[in-house]
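Notes for the one structure printed next.
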Amino acid sequence: MSDPTPTDAPAPTDAPGLADASVIDAITAWMPTTRWYPLKGQQVDVRLESSYDLGDAAILLLRAGDTLLQVPVAWRDEPGGSPIAQLGGRWLVDATNDADAVQSLIDVATGRHAVNGLDGDATADPGPAGAIKVITGEQSNTSIIGGDGSWIAKVFRVVAPGDNPDVVVTGALTRAGCDRIPHLLASVRAGWPAGDAFVTGDLLAVSEFVSGGEDAWELFRQHALATLRGEAVGEAPDARALGEAVAIVHRDLAEAMGTVQADEADTLRFITGLEQRMAWARQEAASVLGDLQDELQAAADRLRDVRQLGELQQVHGDLHLGQVLRGADGRWLLLDFEGEPLRPMHERMVREPRLRDVVGMLRSFDYAAGSALQEMPGVDGAAAGDWVVQRRTEFLAGYADAAGPVDETDPVFVALLLDKALYEVVYELRNRPTWVSVPLEAVRALLAAG
Ligand SMILES: Nc1ncnc2c1ncn2[C@@H]1O[C@H](COP(=O)(O)OP(=O)(O)O)[C@@H](O)[C@H]1O
Ligand SMILES: O=P(O)(O)O[C@H]1O[C@H](CO)[C@@H](O[C@H]2O[C@H](CO)[C@@H](O)[C@H](O)[C@H]2O)[C@H](O)[C@H]1O
């Protein structure tokens, strides 16, 4: 795919009227009401950085504080399913919930519709959008199901210059024929001026939709709930096969994108990165980590025990049960290679130990039981602990079948587990404060275990 640089594409044109202060003010007031808005509770100035005229809709890139947000909008006579505001007698609507506008986005992705400043790339034609359905779950982005349920288009809400791994990594796995992911069909990249430079970044990824896919988070959580209720539960979802699926994706990622043996500089960079993340978490989550400062300092000191990182490669980066579907054939499929939404984009394609994903999944079993316990405060926590240990053992056995054993005493494993739990504390404080006790309990337990 060629970058939409000034040499091969003129600068983006402003969509008529959309740069008006009244429009920006209306969007500024509306964004915090959405699930995807990442700056809830923060006072930030919002200004238009760039816009792309799709004809019957437009994509706006809005600078909100330091964050660049993508807001596709359209003017309509009716409010439709997702109105933003009524201005000058017309409705400004969220274009992700408007079938015609979504069709325009797909046409840009396939190259059927040329738009200044946007560049589409399609490995397969997703076909017409038809009736669309916007996913309403817990999401950092906005995903739209179209093409009669054959594809799902993800509008990246936070946009950054450079490659979005959800396009680049999923694309590499698709080309490699990996059968444990939904394949990438098409994508859209934008160019915009940034100071004296002209930068590009990904806006949209269209992938095969897994029809009849079951959410692994719901499957495991329901099983944990039933177990804690003491109900006669059937077999648990197959955590062993899940471990194997993760190992297969790791193998395919290594083949498609290469590996490197970590040297001393890599190890130092890794330790420094974890130290900085720990300092960030201690600052961001000071309100709940206040009484753990000594233990956290001791854990930070222990990071220096990390000597051997082993092989590094592209990993998923934010693997948890919500990123996994069970397909109609029972096979586990991994989704969403975008990495952690709270991590700067340029850090998300750094080669890492595969253990990063292994601990992500282990934390998720703990979450499934923890959230089940939250629903049943009177229940004995030991049963939840047993449930987690079983899933964890099965998962690690499946991973070992395909990739070799995981050493749970490895300082890299221990450090990554704590790193993930601390990240989750910050994530929950910002997004779901009532959940914060789930990762916080894990942080306490990990620190106590030393
Ligand atoms: N290819 C797909 N097929 C079916 N459902 C999907 C697919 N991709 C995503 N989903 C559903 O959409 C949800 C959100 O997608 P995800 O890529 O994780 O978004 P985000 O990055 O915004 O969190 C997933 O949890 C899953 O339920
Ligand atoms: O799916 P995203 O890429 O948006 O990931 C973010 O949100 C996740 C929650 O939706 C969050 O995951 C945490 O909660 C999950 C349960 O909802 C749990 O299974 C995960 O283990 C836990 O980390 C993820 O951390 C965050 O980056």
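First listed ligand is number 1; within each ligand, the first listed atom is number 1. A quick note: this is a predicted structure, and the numbers were derived from the prediction, not measured.
Atom numbering of ligand 1 starts at 1 in the shown order; those under 4.0 Å from a heavy atom of Gln323 are 18 (O). With ligand atoms numbered from 1 in the order given, ligand 1 contributes 1 (N) to contacts under 4.0 Å with heavy atoms of Pro182. Within ligand 1, the atoms closer than 4.0 Å to a non-hydrogen atom of Glu338 are 21 (O), numbered from 1 in the order shown. Shown in contact with Asn141 at under 4.0 Å from a heavy atom are these atoms of ligand 1, numbered in order with element: 20 (P), 21 (O), 22 (O). Per-residue contacts place Ser140 under 4.0 angstrom from the following atoms of ligand 1 (heavy atoms of the residue considered): 22 (O), 23 (O).
Considering only non-hydrogen protein atoms, atom 24 (C) of ligand 1 sits nearest to Leu335 CD1, 3.8 Å. Nearest protein heavy-atom neighbour of atom 4 (O) of ligand 2: Ser140 OG, 2.4 Å. Shortest contact from atom 10 (N) of ligand 1 to any protein heavy atom: Ile152 CD1, 3.7 Å. Among protein heavy atoms, atom 17 (O) of ligand 1 sits closest to Lys154 NZ, 2.8 Å. For atom 7 (O) of ligand 2, the closest non-hydrogen atom of the protein is Tyr427 OH, 2.9 Å. From the protein, the heavy atom lying nearest to atom 23 (O) of ligand 1 is Asp336 OD2, 3.5 Å. Summary of contacts: the protein heavy atom closest to atom 25 (O) of ligand 2 is Tyr423 CE2, 3.4 Å. Of the protein's non-hydrogen atoms, the one nearest atom 1 (O) of ligand 2 is His320 NE2, 3.1 Å. From the protein, the heavy atom lying nearest to atom 11 (C) of ligand 1 is Ile135 CD1, 3.6 Å. Regarding atom 14 (O) of ligand 2, its nearest protein heavy-atom neighbour is Arg432 NH2, 2.9 Å. Looking from atom 23 (O) of ligand 2 to the surrounding protein, the closest heavy atom is Glu424 OE2, 2.6 Å. Scanning the protein for heavy atoms near atom 19 (O) of ligand 2, the closest one is Ser364 OG, 2.6 Å. Nearest protein neighbour of atom 19 (O) of ligand 1, counting heavy atoms only, is Gln139 NE2, 2.9 Å. Protein heavy atom in closest approach to atom 25 (O) of ligand 1: Gly322 O, 3.1 Å.
Judged by the 6.0 Å distance and 45° axis criteria, Arg282 is not positioned over the aromatic ring of Trp280.
Only the backbone of Glu208 comes within contact range of ligand 1, with a heavy atom under 4.0 Å; no side-chain atom does. With a 4.0 Å heavy-atom cut-off, ligand 2 is reached by no atom of Asn431. Both the backbone and the side chain of Val210 come within 4.0 Å of ligand 1, counting heavy atoms alone. If you look at Leu325 next to ligand 1, the close heavy atoms, those under 4.0 Å, all belong to the side chain.
Checking side-chain atoms of Arg363 against main-chain N and O of His320 turns up no donor-acceptor pair under 3.5 Å. In this structure, His113 contributes its side chain and Ile106 its backbone to no donor-acceptor pair below 3.5 Å. A donor-acceptor pair is defined here as one N or O able to donate and one able to accept, closer than 3.5 Å; such a pair exists between the side chain of Asp202 and the backbone of Asn164. In terms of modelled atom types and a separation under 3.5 Å, the side chain of Asp336 and the main chain of Gln323 share no donor-acceptor contact. The main-chain N or O of Tyr427 is found under 3.5 Å from a side-chain atom of Asn431 such that the two form a donor-acceptor pair.
Between the side chains of Ser437 and Gln374, at least one donor N or O lies within less than 3.5 Å of an accepting N or O.
Glu338 does not count as a contact of ligand 2, since none of its heavy atoms falls under 4.0 Å from the ligand. The closest approach between Gln323 and ligand 2 falls below 4.0 Å for a heavy atom of the residue. The shell of residues lying under 4.0 angstrom from ligand 1, judged by heavy atoms, excludes Gly213.
For a threshold of 3.5 Å applied to N or O pairs, the pair formed by Trp435 and ligand 2 contains no separation below that value. Taking any N or O of Ser143, backbone or side chain, none lies under 3.5 Å from an N or O belonging to ligand 1.
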Exercise for review: Carefully, step by step, assess Ser207 and His183 under the rule side-chain contact (heavy atoms from CB on, under 4.5 Å).
Suggested key: CA-CA 6 Å; Ser207 308; His183 286 178; over 6 Å; no
Exercise for review: Verify side-chain contact (heavy atoms from CB on, under 4.5 Å) between Thr96 and Arg157, making sure each step is shown before the conclusion.
Suggested key: CA-CA 11 Å; Thr96 64; Arg157 289 303 189 166; 3.6 Å; yes
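Between Arg326 and Asp238 there is no salt bridge, since none of the side-chain N atoms of the basic residue sits less than 4.0 Å from a carboxylate O of the acidic one.
Within a 6.0 Å sphere centred on CG of Asp407, heavy atoms belonging to other residues, nucleotides or ligands number more than 12. More than 12 heavy atoms of other residues, nucleotides or ligands shown are found within 6.0 angstrom of CG on Asp291. Within a 6.0 Å sphere centred on NZ of Lys133, heavy atoms belonging to other residues, nucleotides or ligands number 12 at most.
Across Asp318, Asp166, Val438, heavy-atom proximity to atom 2 (P) of ligand 2 is greatest for Asp318.
Side-chain contact between Tyr367 and Glu424 is present, with at least one heavy-atom pair separated by less than 4.5 Å. Put simply, the side chain of Val155 reaches to within 4.5 Å of the side chain of Gln70, judged on heavy atoms. The shortest side-chain heavy-atom distance between Glu49 and Leu62 does not fall under the 4.5 Å cut-off.
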